[in-house]
Trainee: 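Got a structure for you, written out below as structure tokens; questions coming shortly.
Predicted, not measured: the structure shown is a model, and the values here were computed from it.
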Amino acid sequence: MIDETHVRRLHDAGSEDAALVLLEGRARVVDNPSSGEEEGSDGALLVITKRDLVDRVGTAPTDRDLRDLAQVLTDMVGKLGA
């Protein structure tokens, strides 16, 4: 569901307000989920913000850091039943 690519895309996002969301069972990175301006993001489940991601893995994470976090996020979302 959420893989290293999603987490890296969020980490590398230009906007500090970027977030990883789940919409209709698919993970995607949006620039600003709270603005409501991101097309097609209404009803999306916020998984993690860029700020929270950087707090967890730092500014220079390894591939393993991103892979491990992707697994944690997938497990978390699975427990929510999303």
Side-chain angles (χ1 to χ4, degrees):
M1 183 178 302
I2 297 170
D3 62 29
E4 178 184 341
T5 304
H6 297 112
V7 179
R8 179 165 302 286
R9 194 173 301 139
L10 177 59
H11 188 273
D12 295 343
S15 171
E16 289 299 313
D17 295 321
L20 180 63
V21 300
L22 220 62
L23 183 62
E24 298 176 355
R26 298 180 69 191
R28 65 188 264 195
V29 174
V30 296
D31 285 334
N32 188 348
S34 63
S35 73
E37 295 174 8
E38 185 81 26
E39 186 175 327
S41 65
D42 287 345
L45 171 69
L46 175 65
V47 177
I48 191 168
T49 64
K50 180 176 179 173
R51 288 183 184 111
D52 289 340
L53 182 141
V54 171
D55 285 348
R56 285 183 176 217
V57 298
T59 57
T62 65
D63 289 343
R64 181 177 178 150
D65 293 335
L66 298 178
R67 204 170 31 251
D68 290 349
L69 182 56
Q71 184 60 51
V72 167
L73 296 174
T74 295
D75 291 346
M76 178 188 74
V77 168
K79 289 177 182 174
L80 292 174

Trainee: Return the CG to CG distance between Leu73 and Asp3, rounded to the nearest 0.5 Å.
Mentor: 11.0 Å

Trainee: Quick check for you: to the nearest 0.5 Å, what is the distance between Lys50 atom NZ and Asp17 atom CG?
Mentor: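 It is 10.0 Å, given to the nearest 0.5 Å.
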
Trainee: Does this structure show an ion pair linking Asp68 with Arg64, if we count only N-O contacts that are shorter than 4.0 Å?
Mentor: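 Yes.
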
Trainee: Let me see the working for Leu69 and Arg67 under side chain to side chain contact (heavy atoms under 4.5 Å, CB included), right down to the final yes or no.
Mentor: CA-CA 5 Å; Leu69 182 56; Arg67 204 170 31 251; over 6 Å; no

Trainee: First locate atom CD1 of Ile48, then atom CG of Leu10, and finally report the distance between them rounded to the nearest 0.5 Å.
Mentor: 7.0 Å

Trainee: Taking all atoms of both residues into account, what is the closest heavy-atom pair of Leu20 and Ala27, and its distance?
Mentor: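 Heavy atoms of Leu20 and Ala27 come nearest at CD1-CB, 4.1 Å.
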
Trainee: What heavy-atom pair brings Met1 and His6 nearest, and what distance separates the two atoms?
Mentor: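 Between these two residues, the closest heavy atoms are O-CE1, 3.5 Å.
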
Trainee: Please report the closest heavy-atom contact between Leu46 and Ala19, naming both atoms and the distance.
Mentor: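 For Leu46 and Ala19, the tightest heavy-atom pair comes out as CD1-CB, 3.4 Å.
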
Trainee: For Pro61 and Leu66, which heavy atoms make the closest approach, and how far apart are they?
Mentor: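 Scanning both residues completely, I find the closest heavy atoms to be CG-CD2, 3.7 Å.
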
Trainee: How far apart are the closest heavy atoms of Val47 and Leu22, and which atoms are they?
Mentor: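 So the two residues come closest at CG2-N, 4.0 Å.
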
Trainee: Are Asp63 and Arg8 close enough for a salt bridge, meaning some N to O gap below 4.0 Å?
Mentor: yes

Trainee: Heavy atoms only: give me the nearest His11-Gly58 pair and the separation to one decimal.
Mentor: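 Looking at all heavy atoms of both residues, the shortest contact is NE2-O, 3.1 Å.
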
Trainee: Is it the case that the side chain of Thr74 and the backbone of Ile2 share a donor-acceptor pair, with hydrogens and angles ignored and the cut-off at 3.5 Å?
Mentor: yes

Trainee: In plain terms, say whether Asp65 and Arg56 are close enough for a salt bridge, that is, a side-chain N and a carboxylate O under 4.0 Å apart.
Mentor: no

Trainee: Test side chain to side chain contact (heavy atoms under 4.5 Å, CB included) on Val54 and Thr59; report intermediate values, then the result.
Mentor: CA-CA 6 Å; Val54 171; Thr59 57; 4.0 Å; yes

